[in-house]
Structures are given as C-alpha cells and as structure tokens.
Amino acid sequence: MARRSFIAIVGHGPDLERDEGAASVLRSLGADVRTLDLWDDPPRLFVDDESKARAIVVEALDRPDLAAAALRALRREPRLEEVGALVAVSVAQIARIEPSSGFDDFLLVPYVPAELYARVRLVEWRRSEFATEERVKVGAIVIDRAAHDVSVGGMHVPLTAKEFALLSYVCERRGKVVSRTELLRRVWGSQYEGGARTVDIHVRRLRAKLGAALPLVTLRGAGYRLESPLPGSGGPEGGDAARATQRGGAGAEAHGDERGESRDERDEGDEDEDEDGDDEGDEDSDDDEDGDDEREETARAERRSGTSATGAATTGRERRITR
C-alpha cells in the first residue's frame, strides 16, 4: 500500500487553525495537513505506520527563537530527520532568522497561497531522491541521462564523458562498495588496458567539480561507496555544492581528506599521472578531453620539477662563487 504523505504545521496551538494560517491555506489547496503544538511530542503527527511527512512548516510568527528550538525537537524523531523544513515569520522578524537554525527556507506572514505551496514543493524537491531510466537525483545532484547533463542545486556542472559515466554508475550503486576493478570494467570497458589509478584521478576530478554534494567515501583497499548527502549540501541555486565547485581544486583536497582519502594515496596518484595520461591517450576520441587534462597535469608536474632543478643549479653556482 502506498504511504500517505502529509505536510506538518507546527506552531502555537490556538493559532494553528486560524483562517489565514498555513494549515487552512494548504488544505484549501488540496494538501493533506497535520498540525502539532510547539510543546507536543513529534510522534503524535504519525497516526499510522504508513504516514510520511512531505515537509515541515514551523509558524514562528514573532518568535523565531522558539522555531529553532522546535526544529531541534522535531529532528529527534527519526521519521523527521531528513524532512525539509520552512520557518514562517512576520516581516518585522526577518532579520532574526539565523542561517544556522537548520531551516531550508523561510516564509513571510501573511501568506500568499501560491507562494506557500510552491515553497513547500521546492523544499520537498531538494530533499527528494529518485532514479528513473532518464533521470537520477541524489541529494542536490541531478543526472539527466537523456540530455547527458549534470546539475548541482540547479547549476549546470560540465563533465567529461568518462566523468559522467563514472558518476552515473556510482549513483546507481548507491550505498554499495564498488572496487576500482569493477569501475574500470563497467565504465572504461573490458578492453581498456590502463591501471586502477585512472579511477582515482577521475574520482578526484568529480570531487573537485561537485564538492560537498558528492558524499563519495574512499575505502582503502576496497574501493568507493556513495553515501547519503551531507546536511545542507547543494542548497538553492549556488548552495554549498555550487560554492565548492567554484572553489575548484582547493576544495577538492579538503573534501578528499574528509571522505577518508589518505594523503599518501593522493601523492601516489600524482606520481602515476604520467602513466595514466598515456593510457588515456589510447581511448576513443570521445575521451580526448580526459587525456588533455591529464597531459596538462603532467606538464605542471614537469614545470614544478624544472623549477626545483633550477633552484638546485643556482645553489651550486652560489657555492662556487663562495669558494
């Protein structure tokens, strides 16, 4: 049997059923709504085991400080941990909304019915996940297979052919460990003769481009596992994930550390990039961009080596002059 979904409205008991309140407005639009007093236990929202909350609206009105405390109490209920939440305040209280309060969005009272329902649907979309033949959504990441497009928080992220194929595969295997050998076989093909380090290089690039929106954990000696999205990753139009994308490589190193990729593994990957760059050059023409990127990394490494050699030669001349 399909689970019955509802919108939870939380606020001061006597005001919850007022004519201009969120509960009345949403009911008039055809939504299933359940109300809860600020001081009641969150499990009271679930009258049966088949219920599922679509979104939470906390009517703070002139007390946004109470809204933050109410949300913390709601999050202690396991069935509400991952549900998107909005806080409704009066115009005079906008400045008192703390970004760290945990709400996904805010609403102004008195409500505009169309806006209220649109914002509920928007926060529901951000928190949702699904997988169809044409589209996959994991947290803020949306993969459009038909259009060969990837977006994070509504912002387009350009990926190479192999990066797109790698991301699609790990999303399909969400929650399961995938080895480097499996990824080479399924993404690069059984005829590919390159080494497993190629996978590490492409994973590093995906982390650099997708940032916190990609919770891909490195399991040393086993491979990779895609976990649940991090809280707050990939918010509306330029959220955490989008900002991480703009930061580029610097953000990638930080995220690599957080997901368990050791510094030794990254250093080893840098040493092997020359070999992988040659391997990539043997792939089909669709992968030329991958090969070009790796050759650029190799060139940068050579320039760094050249700089070191120049420094050593300078030091030698200084010694001869001193003598």
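Scope of the values below: all heavy atoms of this structure, side chains included, with no hydrogens, waters or symmetry mates.
The shortest non-hydrogen separation linking Leu36 to Leu16 is O-CD1, 3.6 Å. Scanning all heavy atoms of the two residues, the minimum distance from Asp144 to Ala146 falls at OD1-N, 3.1 Å. For the pair Ala73 and Pro42, the tightest heavy-atom approach, listed with the atom from each and the gap, is O-CG, 3.7 Å. Residues Ser24 and Asp19 share a closest heavy-atom pair of CB-O, 3.3 Å. What you find for Leu61 and Gln93 is that their closest heavy atoms are O-CG, 3.6 Å. A pairwise comparison of heavy atoms in Thr218 and Arg180 identifies CG2-NH2, 4.3 Å as the closest pair.
Contact annotation: the side chain of Glu17 approaches that of Arg27 to within less than 4.5 Å [non-hydrogen atoms, C-beta and beyond]. Counting heavy atoms from C-beta outward, Phe103 and Leu86 have side chains that stay 4.5 Å or more apart. The shortest side-chain heavy-atom distance between Val203 and Val170 does not fall under the 4.5 Å cut-off. Side-chain contact between Val138 and Arg174 is present, with heavy atoms from C-beta onward closer than 4.5 Å.
For the atom pair CD (Glu163) and CG (Leu166), the distance works out to 8.5 Å, reported to the nearest 0.5 Å. Arg119 CZ to Asp105 CG: the interatomic distance, rounded to the nearest 0.5 Å, is 4.5 Å. Distance check, rounded to the nearest 0.5 Å: NE2 of His202 to CZ of Arg205 gives 5.0 Å. In this structure, Leu184 CG and Thr198 OG1 are separated by 6.5 Å, a value rounded to the nearest 0.5 Å. Here CG of Leu26 is found 12.0 Å from OG1 of Thr35. Values are rounded to the nearest 0.5 Å. One distance of note links CG of Leu226 with OH of Tyr169; it measures 13.0 Å at 0.5 Å rounding.
Under the 4.5 Å side-chain heavy-atom criterion for ILVMFWY residues, no single connected hydrophobic cluster contains both Val57 and Leu122. Grouping the Ile, Leu, Val, Met, Phe, Trp and Tyr side chains by contacts below 4.5 angstrom, directly or via other members, places Val136 with Val157. Hydrophobic clustering (side-chain heavy atoms under 4.5 Å, transitive across Ile, Leu, Val, Met, Phe, Trp, Tyr) groups Val109 together with Leu29. The cluster map of Ile, Leu, Val, Met, Phe, Trp and Tyr, joined by side-chain heavy atoms under 4.5 Å apart, puts Val10 and Ile7 in different clusters. There is no path of hydrophobic side-chain contacts, each under 4.5 Å, that joins Val58 to Leu107.
Here Glu182 does not pair with Lys176 in a salt bridge; the nearest charged N to carboxylate O distance is not below 4.0 Å.
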*Quick one: do Leu216 and Leu206 satisfy side chain to side chain contact (heavy atoms under 4.5 Å, CB included)? Show the steps, please.*
CA-CA 9 Å; Leu216 188 61; Leu206 284 178; 5.5 Å; no
*asked:* Before you tell me yes or no, could you show the steps for Tyr192 and Val187 under side chain to side chain contact (heavy atoms under 4.5 Å, CB included), namely the whole-Å CA-CA distance, both residues' side-chain angles and the distance that decides it to 0.1 Å?
replied: CA-CA 10 Å; Tyr192 179 67; Val187 176; over 6 Å; no
*What do the steps show when you test Val83 against Leu74 for side chain to side chain contact (heavy atoms under 4.5 Å, CB included), and what is the final call?*
CA-CA 10 Å; Val83 179; Leu74 291 166; over 6 Å; no
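The one candidate from Glu81, Glu82, Glu77 that meets the side chain to side chain donor-acceptor pair (under 3.5 Å) condition with Arg79 is Glu77.
A donor-acceptor pair under 3.5 Å links the side-chain atoms of Ser101 to the main chain of Glu98, judged by distance alone. Looking at Glu59, its side chain does come within 3.5 Å of a backbone N or O of Ala22 through a donor-acceptor pair. The backbone N or O of Phe164 lies less than 3.5 Å from no partner atom in the side chain of Lys162, so there is not a single donor-acceptor pair. Checked by atom type and distance alone, the side chain of Asp104 pairs as donor or acceptor with a backbone atom of Ala85 at under 3.5 Å. Side-chain atoms of Asp37 come within 3.5 Å of backbone atoms of Trp39 as a donor-acceptor pair (strictly under, hydrogens ignored).
Of the N and O atoms on the side chains of Ser90 and Asp62, at least one donor lies less than 3.5 Å from an acceptor on the other residue. A donor atom on one side chain and an acceptor atom on the other are found under 3.5 Å apart for Arg34 and Ser51.
Ring-plane geometry between Phe6 and Phe46 is classed as perpendicular, the angle between the planes exceeding 60 degrees on a 0 to 90 degree scale with a lower cut at 30.
Counted within 6.0 Å of CZ on Arg44, heavy atoms from surrounding residues, nucleotides or ligands total 12 or fewer; the atom is thus considered open. When the shell of 6.0 Å around CZ of Arg186 is examined, it contains 12 or fewer heavy atoms from other residues, nucleotides or ligands. Summarising the local packing, CZ of Arg145 is surrounded by more than 12 heavy atoms from other residues, nucleotides or ligands at distances under 6.0 Å.
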